[in-house]
2 protein chains.
Amino acid sequence: MRRTDRLFEILQLFRGGRSWRGRDIAERLEVSVRTIYRDIDTLVASGVPIDGERGVGYLLREPIFLPPLTLNIAELEALHLGMEMVRQSADVELADAAGRLLDKIDAVLPSDRAGRDHLGEMSVYAGGGGATLEHLAELRRAVAGRQRVDIGYQRLDGQRSTRRIRPLHIEYWGRVWTLTAWCEWRDGFRVFRIDRISAVGPGSGRFAAEPGKDYAAFLVQMEGKGASR
Amino acid sequence: MRRTDRLFEILQLFRGGRSWRGRDIAERLEVSVRTIYRDIDTLVASGVPIDGERGVGYLLREPIFLPPLTLNIAELEALHLGMEMVRQSADVELADAAGRLLDKIDAVLPSDRAGRDHLGEMSVYAGGGGATLEHLAELRRAVAGRQRVDIGYQRLDGQRSTRRIRPLHIEYWGRVWTLTAWCEWRDGFRVFRIDRISAVGPGSGRFAAEPGKDYAAFLVQMEGKGASR
DNA sequence: ATTCAACTGACAGGATGCTGTCAGTTGAGA
DNA sequence: TCTCAACTGACAGCATCCTGTCAGTTGAAT
């Protein structure tokens, strides 16, 4: 096997997410362990974020590897605009991630294209303040992990309530984030504005998808009502 | 010079934007033209979009080159979310560029991370329809190129007018796009909602930045009025 | 202090890649 | 049809890189 092919194979092993000892990689790829140590050195030197620890092995610190890409001007502008939109309108975790991604991009662009003023004569004012979205990140995780949660909610008329819900889907409407959920106490679908959710707590574990109470069923129900989305 | 260093130098030459003949590159890097033909073949084979034509030379079809990058999960989510926001809320040019960028990313991701459903249990509904933003792209260009334009505008009360303006800045507010301009007929700053601009025409060429009539002056004036942004 | 596995530096030998040259091909223009 | 520059295939010779081995180092655990 040629060296460049082997380097690629090592990256594919690491992409799987687990850690690998040098000796194990050597056996797998049928070379000496000395060769694997050199290969890992080469990958690290070219920027691949590999962590290694005696007794533990090696693994990729950041699992998503993008090979060299070429973009045109409009694609770079779209990237800058989109990251600014996320920085201002999503939760702090996604906003920070967008910022880090821009930093990575800026670090490798020529100096005439990098830098803070990457939007030129455009500005984004889409923020609603971090506080109103303090629960977005954990709700995203609850949706992804199919975890019931108990939420504290404050309706427009000021009335407060608590609900035990199955969070099904999150929507972004340009200024407002909403959560579509199945409410176990009202036994029906409800849509909550995330900026009015005042508390999120654990709500008795995970839930299984149940026909008639999932997001697909919600969409069918909404179509029946003729609601325009 | 080692070959890999020379390949990098060739990329740097192309990043300058002009075209280069094989013979000129060979002279510059002090190797034979045969070697340069091999180098260009190698760059093309690894995905660099180089165009070549007899008598013209070689140049980079897409001038922005990103070397290998590694991202974590949140950064990839931010990227997907941001590109979807652009696709739905910006003009067709930026929306298409965002789509192409996502296609490029998906093409190089492992299959478990690529694909259309990249937002998982989130949706973006930030579109206002392409028609209302039909002038955004040309206004972006007018701002960038400091070109006066004549616009047809329809105010909220239905009244229509035409204005000759110096377009200074574009703002995105989460649902609405606005254009900040110096209106030459009213001799003052005005802010126009881009979805209410019904026509854009050439407006007697370029304008020079004029103290008191640029975007910085506008911001000072807005601060004076205590307006909250 | 000792042990053991992970890791590194140095070396020899082999393998692979690279370069310039040259004859030939290609394509556009006259 | 001819000319000319851009480009390619083939070749020999050289240069560089890669690999496995082995002695030594390192660091954690005992």
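Numbered from 1 within each chain, the chains take letters A, B, ... in sequence-line order.
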_Trace of the side-chain contact (heavy atoms from CB on, under 4.5 Å) decision for Met122(B) with Val143(A)_ = CA-CA 9 Å; Met122(B) 288 203 319; Val143(A) 171; over 6 Å; no
*asked:* One character per nucleotide, please: for nucleotides 11-24 of chain D, 5' to 3', B when the base has a protein heavy atom closer than 4.0 Å, S when only the sugar-phosphate does, - otherwise.
replied: ------SSBBB---
Whole Å only: how far is the [atom1] atom of [X] from the [atom2] atom of [N]?
{"X": "Ile36(A)", "N": "dC7(C)", "atom1": "CD1", "atom2": "C1'", "result": "13 Å"}
{"X": "Ile25(A)", "N": "dA6(C)", "atom1": "CD1", "atom2": "P", "result": "12 Å"}
{"X": "Asp41(A)", "N": "dC7(C)", "atom1": "CG", "atom2": "P", "result": "10 Å"}
{"X": "Glu53(B)", "N": "dT26(C)", "atom1": "CD", "atom2": "C1'", "result": "14 Å"}
{"X": "Arg21(B)", "N": "dC7(D)", "atom1": "CZ", "atom2": "C1'", "result": "13 Å"}
{"X": "Arg54(B)", "N": "dG29(C)", "atom1": "CZ", "atom2": "P", "result": "11 Å"}

*asked:* Check this for me: does any side-chain nitrogen of one of Arg166(A) and Glu210(A) sit under 4.0 Å from a carboxylate oxygen of the other?
replied: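 Looking at Arg166(A) and Glu210(A), the cut-off is met.
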*Write out all pairs satisfying salt bridge (charged side-chain N to carboxylate O under 4.0 Å, His left out) with one or both partners inside residues 45-58 of chain A, taking only residues at least two apart or from two chains.*
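Pairs touching residues 45-58 of chain A that pass the test: Asp51(A)-Arg61(A).
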*asked:* Taking the six-membered ring for Trp, are Trp20(A) and Tyr58(A) closer than 6.0 Å centroid to centroid?
replied: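 No - the distance between ring centres of Trp20(A) and Tyr58(A) does not fall below the 6.0 Å cut-off.
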*Apply side-chain contact (heavy atoms from CB on, under 4.5 Å) to Ser204(A) and list each qualifying residue two or more places apart in sequence or on a separate chain.*
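Testing Ser204(A) for side-chain contact (heavy atoms from CB on, under 4.5 Å), a comparison that skips the adjacent residues, returns Arg148(A), Arg164(A).
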*Once the angle between the rings of Tyr172(A) and Trp177(A) is folded into 0 to 90°, is it parallel (under 30°), tilted (30 to 60°) or perpendicular (over 60°)?*
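Geometry flag for Trp177(A) against Tyr172(A): tilted rings.
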*Report yes if a side-chain nitrogen or oxygen of Tyr37(A) is closer than 4.0 Å to either non-bridging phosphate oxygen (OP1 or OP2) of dC7(C); otherwise report no.*
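For dC7(C), OP1/OP2 do have a side-chain N/O of Tyr37(A) under 4.0 Å.
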